[in-house]
Amino acid sequence: MSDFKPPVETPVVQCVPPSPSQFDLLMKDYGVVLKTEQQQKSAALEAEVIKTNTASQVVCVERKVNEKYARAVKEYNFLSNCVTVYTGQDLEGLTSTVSLAQAKYTGVKTSFDAAVAAIKAAKQKAGLVNTLAGKLKDAVADSCNSEELKLIRENLSKGGPGKKNIEDSVQEFVAYAEKIVNQADDVVQAAIKVAGINAFVNVDNLAALITTAKTDGTSLITDVENNVKNSQKKYDDSRKPLGDALKELSKASTLKNVAWVVKDAVADAAKFVEDKNCNGGGCKKLDEISEQAEHAFDCNNCDEPAEQQNES
């Protein structure tokens, strides 16, 4: 019995790749997905840009607040160190000076009042002397007093040679009385001027003024010190909101940059899918893989083996 078997005809399979290919369809579907993704990433980037701008505005406001309090601290420290310290010292010095002047003024005023009283008494006596001198002068000239004058001249002559006569003595006495009155008038005028100066100086009023100045100065010192403490506290308190705002700005900026990179990456991928430009360095390998997939439809695996063809 013969072992011969007639050859079995193998049907020829035609492997023509479909058009469009599976790769084209995949790229088309991927392009649709990427367009939607691109819109989402653009919206996400826009949202992050808005958040970053808002965070930047918050930082700007907090920085201005912080700088305002920093200037207040500097200004009030300047007032405290360069004004109120010296003001307090000056007020203490003025108070001591006025107190000493007030004590001296009281003594001077007492002495002056006594001197004025003495001057008034002296002026009255000088006036009386002047009046009596005038009467004496008139009496010497009066002829009714001739007997009295005769006796006076006799008594004056007993005093020895060189004695003045009664007329010369009276005239000298009258002149001396007038001189005393004029000097008294000068002293009174000087006393009036001194009284005017004392009234102008008026240490008691000056003491009241210094008391008012000390009260106002103390209020200024207290107000400046309170403002130093309050402005320093507000400055310290403003540092935390500023730090938090800077952290939020840094975080928002990072998320914005991430969203920007992702958006650009999606845009590049979408452009690649749309253009199918595989001339780049990394795309060439992908193109080669795609070609191998397409050649799978008409490769030798779809025909008879080369050995079987040779045997036939």
Side-chain angles (χ1 to χ4, degrees), residues 57-127 180-247 249:
Q57 293 175 358
V58 172
V59 168
C60 181
V61 172
E62 294 296 340
R63 181 175 284 113
K64 288 182 178 179
V65 171
N66 180 265
E67 291 175 352
K68 176 182 177 181
Y69 288 134
R71 287 195 300 270
V73 169
K74 182 178 180 180
E75 291 174 358
Y76 280 115
N77 278 327
F78 170 79
L79 288 175
S80 177
N81 296 330
C82 301
V83 177
T84 57
V85 172
Y86 297 104
T87 299
Q89 188 65 29
D90 291 342
L91 289 174
E92 291 296 331
L94 284 174
T95 302
S96 300
T97 301
V98 171
S99 298
L100 181 61
Q102 196 170 18
K104 291 183 177 180
Y105 175 76
T106 302
V108 170
K109 188 175 185 302
T110 302
S111 300
F112 177 76
D113 292 341
V116 170
I119 291 171
K120 288 181 179 179
K123 181 174 174 58
Q124 291 176 354
K125 292 179 180 180
I180 291 176
V181 171
N182 292 332
Q183 288 179 346
D185 289 338
D186 293 339
V187 172
V188 171
Q189 291 297 324
I192 292 174
K193 291 180 180 179
V194 173
I197 294 173
N198 288 337
F200 176 78
V201 173
N202 202 340
V203 178
D204 292 334
N205 288 342
L206 182 60
L209 179 62
I210 292 300
T211 301
T212 302
K214 186 175 182 180
T215 301
D216 294 341
T218 302
S219 300
L220 172 64
I221 293 171
T222 302
D223 180 70
V224 170
E225 291 302 319
N226 290 335
N227 278 286
V228 168
K229 295 177 182 178
N230 292 336
S231 58
Q232 184 65 50
K233 184 178 183 303
K234 290 179 180 179
Y235 171 73
D236 293 337
D237 292 342
S238 68
R239 294 175 61 188
K240 185 178 184 304
L242 176 59
D244 293 340
L246 289 171
K247 291 178 182 178
L249 176 60

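- A distance of 12.0 Å separates CG of L246 from CZ of R239, quoted to the nearest 0.5 Å.
- Listed for the D223 side chain is no donor-acceptor partner under 3.5 Å among the backbone atoms of S219.
- The two residues V58 and A245 have their closest heavy-atom pair at CG1-CB, 3.9 Å.
- To the nearest 0.5 Å, atoms NZ (K247) and CG (L242) are separated by 11.0 Å.
- Residue I221 holds its CD1 atom at 6.5 Å from CG of L91, rounded to the nearest 0.5 Å.
- Contacts classified as salt bridge (charged side-chain N to carboxylate O under 4.0 Å, His left out) and involving residues 61-82 (residues at least two apart or in different chains) are not found.
- The heavy-atom pair separating V65 from S238 by the smallest distance is CG1-CB, 4.3 Å.
- Listed here is the closest heavy atom pair of V228 and S80: CG2-CB, 4.2 Å.
- Counting only distance, with no hydrogens or angles, the side chain of T215 and the backbone of T211 share a donor-acceptor pair below 3.5 Å.
- Annotation for T84 and E225: closest pair OG1-OE2, 4.2 Å, computed over non-hydrogen atoms.
- Looking at residues two or more places apart in sequence or on another chain, you find a side-chain contact (heavy atoms from CB on, under 4.5 Å) between Q232 and V73, Y235, D236.
- In this structure, N230 CG and D237 CG are separated by 10.5 Å, a value rounded to the nearest 0.5 Å.
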